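Worksheet: one structure, shown below.
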Amino acid sequence: MVTAVILDDHPAIVAGVGAWCVTADPPIGLIDADGQISRLWTEPGGSADVVVFDLQLGGSPPLFRELERLAAAGRRVVVYSQRTDGATARQCIELGAFTYLTKAEGQHHLVPAIHAAAQDTPYTPPTLSGAFYADDAPDRPTLSVSERETLRAWFESDSKRLAAGKLRLSVKTVETYIERVRIKYANVGRPARTKSALLERAIQDGLIDPGDLVPR
């Protein structure tokens, strides 16, 4: 069973999320951190597959530093917040959050987001997608046609070797194109160290339409 630990200081929110998790398919085992950040690090919350993270507890400032610590430790964090501004959503993604949801989106998107995070499969809800499409900051790298084609072939394949076969390129050339894309994202402050993270970046920036990604 997928497990998730939730950090939220509103019992009604925790109860609602718990009800969605029980009826999810497959079900999700929800652990309540009882509004205490320390319980995200100790058992049973410390070994949960996913962290559902309220960015602001009570009247405290946004917990950006704690989010960054969790992401740096390899935790998959779904930020679940009342804040709806695009700048906050973008900052959370830049700090390493798996995805960003507003609480208004929860009923339709939180369970799919938890399942996606547990499987390390990209998930971009409407608010996050809108935040990036509306962003005019110079943080989107410019990719060449060859780099885009290589990304698409790689995302549709199980390996770089298979992608190279589709494109009739050497594996080394495919690796070079992908590394160039990683460098370009790192240079604009949005590193993407894994395949799933790079796919998420490409979807966010409109470089890849997830509906076009049909495994071949």
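Everything numeric in this text was worked out from a predicted model, so none of it was measured.
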Subject >> Nearest non-hydrogen partners of S81 and D54, listed with the distance >> reply: CA-OD1, 4.4 Å

**OP:** Please report the closest heavy-atom contact between V50 and A117, naming both atoms and the distance.
**Re:** CG2-CB, 3.8 Å

Show the atom names and distances, to 0.1 Å, of all donor-acceptor pairs under 3.5 Å that link a side chain in residues 59-68 to residues at least two apart or in another chain.
from : atom 1 : to  : atom 2 : distance (Å)
S60  : OG     : L57 : N      : 3.3
S60  : OG     : L57 : O      : 2.7
E66  : OE1    : R69 : NH1    : 3.4
E66  : OE2    : W41 : NE1    : 3.0
E66  : OE2    : R69 : NH1    : 3.1

Original post:
When you look at K160 and I178, which way does the side-chain contact (heavy atoms from CB on, under 4.5 Å) test go after all the steps?
Top reply: CA-CA 9 Å; K160 293 173 183 174; I178 292 172; 4.0 Å; yes

**OP:** Taking all non-hydrogen atoms of both residues into account, name the closest pair between F155 and K195 and its distance.
**Re:** CE2-O, 3.9 Å

Subject >> Heavy-atom closest pair, residues L70 and L40 >> reply: CD1-CD1, 3.9 Å

Original post:
Which pair of non-hydrogen atoms, one from A116 and one from Y123, has the smallest distance, and what is that distance?
Top reply: CB-CB, 3.7 Å

Distance-only check: which donor-acceptor pairs under 3.5 Å involve side-chain atoms of residues 9-31, not counting sequence neighbours?
from : atom 1 : to  : atom 2 : distance (Å)
D9   : OD2    : G58 : N      : 2.6
H10  : ND1    : D8  : OD1    : 3.4
T23  : OG1    : A19 : O      : 3.1
T23  : OG1    : W20 : O      : 3.3

**OP:** Ignoring hydrogens and angles, tell me if any N or O in the side chain of S157 forms a donor-acceptor pair with the backbone of A153 under 3.5 Å.
**Re:** yes

**OP:** Apply salt bridge (Lys or Arg N to Asp or Glu O under 4.0 Å) to K184 and list each qualifying residue two or more places apart in sequence or on a separate chain.
**Re:** E147

Original post:
S146: what forms a side chain to side chain contact (heavy atoms under 4.5 Å, CB included) with it, not counting sequence neighbours?
Top reply: S144, Y177

Subject >> Smallest separation among heavy atoms of V5 and G45, with atom names >> reply: CG1-O, 3.7 Å

**OP:** Among residues two or more places apart or on two chains, list those pairs meeting side chain to side chain donor-acceptor pair (under 3.5 Å) that have a residue in residues 113-122.
**Re:** D120-S196

Original post:
Quick one: do R39 and D32 make a salt bridge, cutoff under 4.0 Å?
Top reply: no

Original post:
Does E105 have any salt bridge (Lys or Arg N to Asp or Glu O under 4.0 Å) partners at least two apart in sequence or in another chain, and if so, which?
Top reply: none

Original post:
Is there a side-chain contact (heavy atoms from CB on, under 4.5 Å) between F53 and V78 once you walk through the steps?
Top reply: CA-CA 6 Å; F53 189 81; V78 174; over 6 Å; no

